[in-house]
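A quick write-up on the structure given underneath.
A note on names: the letters A, B, ... follow the listed sequences, proteins ahead of strands, and every chain is numbered from 1. Both backbone and side-chain heavy atoms feed into the values below; hydrogens, waters and symmetry mates do not.
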Amino acid sequence: MKRTLGTCYYPEHWPQEIWDEDATRMAEAGLTWVRIGEFSWSKLEPSPEELCWDWLDQSIESLGSKGLKVVLGTPTATPPRWMTERHPDMFAVDENGHVRGFGSRRHYCFSHQGYFAESQRITRLMAERYGANPHVAAWQTDNEYGCHDTVVSYSDAAGYAFQTWLQQTFSGDIEALNRAWGNVFWSMEYRSFSEVGLPNLTVTEPNPAHVLAFKRFSSDQAVAFNRAQVDIIKEYSQAPVAHNYMGRVTDFDHFKVGSDLEIASWDSYPLGFLEDRAGATVAEQQKFSRQGDPDFQALHHDLYRAVGRGRWWVMEQQPGPVNWAPYNPSPLPGMVRLWTWEAFAHGAEAVCYFRWRQAPFAQEQLHAGMLRPDSQDAPAIVEARQVAKELQEAQDVQPAQADVAIMFDYDADWAWSTQPHGAGLSYFGLILDYYKALRRAGLTIDILPPDRRDFSGYRMVLVPGMMHVPDDLKTALADCSAEVLLGPRTGARDQHFNMPTTPLPPAFPNFDVTVSRLESFRPDLPRPLVGGGAAIRYQEELESGAEVVLRSEAGAKVAVRSGRLMYCGSWLDAEGMDRLIAIAAEAAGLALRMLPEGVRTRRTATEEFWFNHCAEPVETEVGLIQAAGVVRRPI
Amino acid sequence: MKRTLGTCYYPEHWPQEIWDEDATRMAEAGLTWVRIGEFSWSKLEPSPEELCWDWLDQSIESLGSKGLKVVLGTPTATPPRWMTERHPDMFAVDENGHVRGFGSRRHYCFSHQGYFAESQRITRLMAERYGANPHVAAWQTDNEYGCHDTVVSYSDAAGYAFQTWLQQTFSGDIEALNRAWGNVFWSMEYRSFSEVGLPNLTVTEPNPAHVLAFKRFSSDQAVAFNRAQVDIIKEYSQAPVAHNYMGRVTDFDHFKVGSDLEIASWDSYPLGFLEDRAGATVAEQQKFSRQGDPDFQALHHDLYRAVGRGRWWVMEQQPGPVNWAPYNPSPLPGMVRLWTWEAFAHGAEAVCYFRWRQAPFAQEQLHAGMLRPDSQDAPAIVEARQVAKELQEAQDVQPAQADVAIMFDYDADWAWSTQPHGAGLSYFGLILDYYKALRRAGLTIDILPPDRRDFSGYRMVLVPGMMHVPDDLKTALADCSAEVLLGPRTGARDQHFNMPTTPLPPAFPNFDVTVSRLESFRPDLPRPLVGGGAAIRYQEELESGAEVVLRSEAGAKVAVRSGRLMYCGSWLDAEGMDRLIAIAAEAAGLALRMLPEGVRTRRTATEEFWFNHCAEPVETEVGLIQAAGVVRRPI
Amino acid sequence: MKRTLGTCYYPEHWPQEIWDEDATRMAEAGLTWVRIGEFSWSKLEPSPEELCWDWLDQSIESLGSKGLKVVLGTPTATPPRWMTERHPDMFAVDENGHVRGFGSRRHYCFSHQGYFAESQRITRLMAERYGANPHVAAWQTDNEYGCHDTVVSYSDAAGYAFQTWLQQTFSGDIEALNRAWGNVFWSMEYRSFSEVGLPNLTVTEPNPAHVLAFKRFSSDQAVAFNRAQVDIIKEYSQAPVAHNYMGRVTDFDHFKVGSDLEIASWDSYPLGFLEDRAGATVAEQQKFSRQGDPDFQALHHDLYRAVGRGRWWVMEQQPGPVNWAPYNPSPLPGMVRLWTWEAFAHGAEAVCYFRWRQAPFAQEQLHAGMLRPDSQDAPAIVEARQVAKELQEAQDVQPAQADVAIMFDYDADWAWSTQPHGAGLSYFGLILDYYKALRRAGLTIDILPPDRRDFSGYRMVLVPGMMHVPDDLKTALADCSAEVLLGPRTGARDQHFNMPTTPLPPAFPNFDVTVSRLESFRPDLPRPLVGGGAAIRYQEELESGAEVVLRSEAGAKVAVRSGRLMYCGSWLDAEGMDRLIAIAAEAAGLALRMLPEGVRTRRTATEEFWFNHCAEPVETEVGLIQAAGVVRRPI
């Protein structure tokens, strides 16, 4: 298949006279896809039940007539003002009990049944009208579930739905819930499900089992909301359905949403993310200010390849400065091309730039586009044209299974955030630290969903921080032929957030290691390892008769190994992490190549991509790579 | 005219037996003015409609009999407790929806019609009684509008009034509003004005056009509130009316309030401001800890000279430690005198010290006065006596138009705060940075209101950051004989906060410069200029065929010039700013003198004042100036 | 008497089958006391009026049969869920008006009369049943009053009760209140007590007299709540009654609660406290990360010895990592023993470890116990066994009055927090700084309650920061034979938070010193003293004809002395504090020994204890002391 490019377009923002010219310019730039419609509800239905399809009909026709394919979005992320009068209690409520009202977007609660039905209604109307339209080649449900912290809602609607969800989860047995949560602690026992409230506005921290259950429930509500739209679209259309996930939004289970969709996609804003969510140090933020974190996007690419079961896109690609981060610099020249090729190297089917033309009004007027607000070319379109040309000229990317896999579990992220134990500790951060270490060593990585049990073909599998590990996964990991790297906190909790005690974690078959106690500590007090590196911020005391592969200078067992299972009970600094990976890789027979800072590589079936994320040229084993440079090399 | 001194006095706080002695001591200290009454509503009307004038009659008589002139304040900043029972919904509501209740001051919403009428009622009662009193030589309306963030209120009253204001602004055409705000973006369109809410408690940022309109409305409400009082006072009194503005309170348009008043005045607390609002670096806070920022007060002096159309006072002058800043040190000996003379050098008619005697009770008991709580002299009165003597002995200050002017536009401040684009960027901060650079270069400056069109007599006019520049101002600037310095962001938006696109900003007549895109970036990543200095935090990419006067080391056009118009698209550091000013000054034929740190000068028609804000003597071209020293030199 | 050990136990968390074994292991470890019951309301009364005593009967029997003594806690800190339906408005309300609901603990408002009666009801039921039980050898009321900021509540119930409290305090005379609070300031006058609201949600700071009165009221409500339980227990039981106070919880008067109890006890978590409340610098947090602040616990020991009038315990002693601090490291080996011996050296009757077995569920599942969750020994039990053995073998600790005393006044803490004047200034912090200086000098200290008037036996008495000093205390201090050290802010306010003016503070008999003004200043601007050390953050300008014992380099009088009274008007840094203490000690004839960092000593009637809080051995005058080492030396 040929990788393709696209853009996000808002015909309703521009006079109809320029639609054809826009479409022509898109086609000429080498774009294939145009996503439209996802914020247009007030144009489609200006008043309740008053439908206006003409403009959308014409827009699709205009685009299609130029050979462009449309991704049509359901507009449910932006219900119109009149909707909020129909359903005055449809809003989400924040942790402090404040209603999150009309005036921007995502102003709805997933648990509100009235809005749920409205979402189905408008989806059906769109699917009916465009399900057979030849230009509508894909669908997008809603927009960026969870963006602006919108999965968890403390509304009354959520409260009632949570009680129902608990009743089902515990088969109507309130004593089962009390036992599972340990409610005897602090007299938190309930006599009926109707007594269970939401875990906010408590005097001190609520029961973590209560919190975790509420996060699971909240995720399930988002999954159900999405599934309801997908089911309707499927009635009318053969085209694949996607959703555009947002970077480091982890409060719903993307694998579960993804299982109802054909395509996973995500919205990649490397510079904004570097500032507001990549967890970069100040030195990294300075060094990569105009390039973005060298691993953050790659991790998401690999994640969404897993979520999409191989089919995934970048639905929105940053084309220039954005408007929403604390600081919003321009990308270094070449970075838009680099980001695009990086996505393709990781297997993306399509990369769409957000947005076609910078809007001169409303919230995102300082968000760059492929065109300037005056319709002149912006720098992004020039780099996009170059990629389009390169795509035409070069061979296609041939994805292949990687040698190394990391399991990613949204539930574990909720468990960590429920009880991080030390300031700044998070599951996502742990995964990212492992991922970075693997990438520094030149490895190509797959992300695996938590229900994966078949590890054949992998030489190394990492399952760090997965708080609850089902027994069959333990068995599968213990039995597989890969080198398996566990910990910290892998297997630390049962399914209801209780600590297993017989025996203590991690309790893997035939692996003599027990976490006898654990500590968190100040980041400025690293605990050196014998031989280099250090444990930082978090350390488990391990009891083990197994081989000690990393030991602290104070004598503690930091990582132990038994057969192909290795367990590391500490959060390691970069040097320690590099050593840990090296030990596992050696056992797995994987050759490592330590890459220069900012240089990353990814291997496909036929070639190796090299990316230089630095602002200056870097000498590598494949020669000097220019700043923001991309090198493809056959293998 | 003779410059005069005064104080702020609360006779209702002290036993009547000491009033005469207080008045005698005031007169002996050389004071002319005594402001009273502005917080005394509960003494004037202890119960609804029960008026008690006796004490105020006697206090005015006591002061007047010693030759003192009274500034009488309307007491509307502190409605009594009973008022809040009459009008239980009179309170302002904060952004989170919390009612800002009784128990301190400024507990009212400008949009509440019931309280608006009460404010008129008490004003009329006072004006009726004292309008012809010979000792009442001036009036003050209310107290420090906007202090404690009290202009913007999210109450129901504000909500309804905002809808009415919008209906008038858009002539009843809701589609005009939808177009003007770009509400098509995110389906934010309204079908009627009654659907428009307040821009708080939204899920993510609201439409900036919505926010800016609400700020303009909020300012107008304050203007109307003030005007209603002034209109009543004018019915009964010939005395001038003032209001005492607070430092760096920018959320209502002081020029509009000022246009209804004869005198502008402001409350100058240099040490408190250094800590909590001057934007000083830690090094500056350390160096000027007991002196205050060397430019912050001067900027306000120049601003209020403009607001008062030449007539302005310092209504409250810090006399010693205050109680409300994070840290509250004592002024360096001599600073009270320096501050007073600095105000006179900038043209103040009067400087009044706040307060006469330190109160030993309630909120401000740790706020120094001219007297200690035990009625002994505090240091301030000693320095005031010295100034009074100096005023008697020396010639009067002779104000003159400056060579250099900066335009100040409250609306631009709201526009920047609505969309700063980068953390820490503000219009006020930009103006202060320009002002500081001009002062470092030894210049004397005027501030101009945004409706000024006549620039005759000025050799340099600066209009940085004025987001919306009306066409007639563009023409006036392009046509005037001064060197005109624009940018960054000058002309960046139309009147409804849309970005002009045909052409892109700044779009000045006959000036070939276009902002093709813009970025904000980390303050720790300065971008060096060729020849010294750097762009910091914010940079526009300029397309221009005009002469490049500043260029970045990376090759970007930082400032360009065409004829007498210059545009700088970056926020510059101090060195860069000095170079920019030097270039403009040279073109304007202005000689610059770079002053030592902490030394500032101001020129009048006949002389030059020199002020040393340092804690140690500094050698200057007019000789050694002592710490906190003031030098007057004929020119 | 023999000092004893104990633990906190939750039989309701564990299967009944292991209760006997638990009891056996407790006894074998050398424990004497077992505290139970304080969170078990939902097990005692699963539904309203449905009482279940059997399990508690059996648990007490199980423990008692092994020779253990029970401390029985009333369960009122954790009312069950059904209680909150009976009394839907029983919750406390926070400063922002948010209800602090069910789901954790301490979810009640002290002012709610319905819950007050429920608290009495359950207390009576327990006391009736167990008052004569031979194994119940002590009682505990509720649990950690004030933990999680639960003393001050802004509920309606608190509002009404506050009005009643004020009516009583001011004998029904609202004008007396207006005068006392200075309500004339800002027109805050009330016409009746029913007009007085709570001091939250005001526009700017409320009247400090209002705030202080509300804090006093809130404390009184906690005192009354506790007293009601004690009165009932006393009807049925001869056993002593205790409460377990929490570290640095100062928002109710522990002396007043303590006066109703036989025993004071507190909950000592040195590592958690170092991170979240000891006020340690980052360097100290690093150095003592696994040991805790060397003085913070000792200060509380001395405080609770005073609160308990000699009888005091550590009711909860940290045994390993806790779960609630920003970082939760393991104690250094030996520290559990050191903490225990330190408590005994300060006179504790008993030290109980919290908790017996680490719970694998609910909020505290990462809080260590004496046993691991799998019932294996955790490190704490090993150190406890060692202490038990040492207690058996060695002589008992013989408490004695110290040479030096510091007066501690909760009311002063409220006054400082009401008006700190400078960021970071607090009464508790001042006391701790003085205490640390005394300890660095090798002194043994008593804490005295604010109503103490007899100072015989003391050679030095410190009364720093006591904002309101009653006249009879002034006389008692002026007349006593000890060296008396006052200031800063000692005597700075009258009983209603007004500043005395005739004369100005401190106004001690026959002591010519007056605070003529005061300042706070940046912590990074220390003001050096002649001879070493500096004033930091806060300085009073002193007028005095008395001997100047410390003077600033700028010439200010920092500390003055007249006879045995000394007044220091500044907050001093450690070096300055050491010099101040040395001056006072010399006058008192006390020999000082400057101890190495982290080493502390305490003297009893017969011996001297030495403790090394460092992570490495330290050489001292009694020889090398190991890390975490304890040395007993006869004197």
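Annotation: side chain of D374(B) is not in contact with side chain of T502(C) (no heavy-atom distance under 4.5 Å). Within the 4.5 Å cutoff, the side chain of S47(B) has heavy atoms near those of the R191(C) side chain. With a 4.5 Å cut-off on side-chain heavy atoms, P373(B) and L504(C) count as touching. Using a 4.5 Å cut-off on side-chain heavy atoms (C-beta onward), V184(C) and K43(B) make contact. When side chains are defined from C-beta on, Q419(C) does not count as touching Q363(B), because their heavy atoms never get closer than 4.5 Å. The shortest side-chain heavy-atom distance between M499(C) and L366(B) falls under the 4.5 Å cut-off.
Taking the six-membered ring where tryptophan is involved, the planes of F185(C) and F361(B) are perpendicular, since the angle between them exceeds 60° and thus also 30°.
Here the closest heavy-atom approach between residue R81(B) and residue E195(C) is recorded as NE-O, 2.6 Å. Taking all atoms of both residues into account, the shortest heavy-atom contact from H421(C) to N328(B) is O-ND2, 2.9 Å. Shown here for T501(C) and P360(B), the closest heavy-atom pair between the two residues is CG2-CB, 3.7 Å. Among all heavy-atom pairs drawn from A362(B) and N207(C), the shortest one is CA-OD1, 3.7 Å. Annotation for S42(B) and S187(C): closest pair N-OG, 2.8 Å, computed over non-hydrogen atoms. Across G320(B) and R517(C), no two heavy atoms sit closer than the pair CA-NH1, 3.7 Å.
Chain C forms more heavy-atom pairs under 4.5 Å with one residue of P79(B), P326(B), P329(B) than with any other, namely P329(B). Between chain B and the options P206(C), G197(C), P503(C), the largest number of non-hydrogen pairs under 4.5 Å is found for P206(C). Ranked by heavy-atom pairs under 4.5 Å with chain B, the list H210(C), R522(C), R537(C), H496(C) is led by R522(C). Options P523(C), G97(C), P199(C), G422(C) differ in how many heavy-atom pairs under 4.5 Å they form with chain B, and the most are formed by P523(C). Heavy-atom pairs under 4.5 Å with chain B were tallied for N96(C), T418(C), T514(C); the largest tally goes to N96(C). Contacts with chain B were tallied for P420(C), P208(C), P500(C), G424(C); P208(C) has the most, counting heavy-atom pairs under 4.5 Å. Between chain B and the options F521(C), Y190(C), Y538(C), W186(C), heavy-atom pairs under 4.5 Å are most frequent for W186(C).
Of the inter-residue distances, the one linking D377(B) atom CG with S516(C) atom OG reads 12.0 Å to the nearest 0.5 angstrom. Of the inter-residue distances, the one linking E189(C) atom CD with W41(B) atom CH2 reads 14.5 Å to the nearest 0.5 angstrom.
Only the backbone of P46(B) comes within contact range of chain C, with heavy atoms under 4.5 Å apart. For L525(C), the part sitting under 4.5 Å from any heavy atom of chain B is the side chain, from C-beta outward, and nothing else. Within the 4.5 angstrom heavy-atom criterion, only side-chain atoms of R527(C), from C-beta onward, approach chain B. Both the backbone and the side chain of H107(B) come within contact range of chain C, judged by heavy atoms closer than 4.5 Å. Looking at R106(B), both its backbone and its side chain come within 4.5 Å of chain C, counting heavy atoms on both sides. Residue E38(B) does not touch chain C at all, counting heavy-atom pairs closer than 4.5 Å. Neither the backbone nor the side chain of L425(C) comes within contact range of chain B, judged by heavy atoms closer than 4.5 Å. For a residue to count as touching a neighbouring chain, one of its non-hydrogen atoms must lie under 4.5 Å from one of that chain's; by this rule F102(B) touches chain C with backbone and side chain alike. Heavy atoms of W181(C) lying under 4.5 Å from chain B belong exclusively to its backbone. Of the two parts of E364(B), the backbone and the side chain both hold a non-hydrogen atom closer than 4.5 Å to a non-hydrogen atom of chain C. Contacts of W324(B) with chain C are absent, with no heavy-atom separation under 4.5 Å from either backbone or side chain. Both the backbone and the side chain of S330(B) come within less than 4.5 Å of a heavy atom of chain C.
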Do Q365(B) and R493(C) pass the side chain to side chain donor-acceptor pair (under 3.5 Å) test, and can you show the C-alpha distance, the side-chain angles, and the key distance before you say yes or no?
-> CA-CA 10 Å; Q365(B) 58 186 267; R493(C) 293 290 179 278; 2.5 Å; yes
Could you check R105(B) against E205(C) for salt bridge (Lys or Arg N to Asp or Glu O under 4.0 Å), going step by step and ending with a plain yes or no?
-> CA-CA 9 Å; R105(B) 62 176 181 176; E205(C) 58 167 331; over 6 Å; no
List the steps, then state whether side chain to side chain donor-acceptor pair (under 3.5 Å) holds for Q286(B) with D524(C).
-> CA-CA 8 Å; Q286(B) 291 176 327; D524(C) 52 14; 2.9 Å; yes
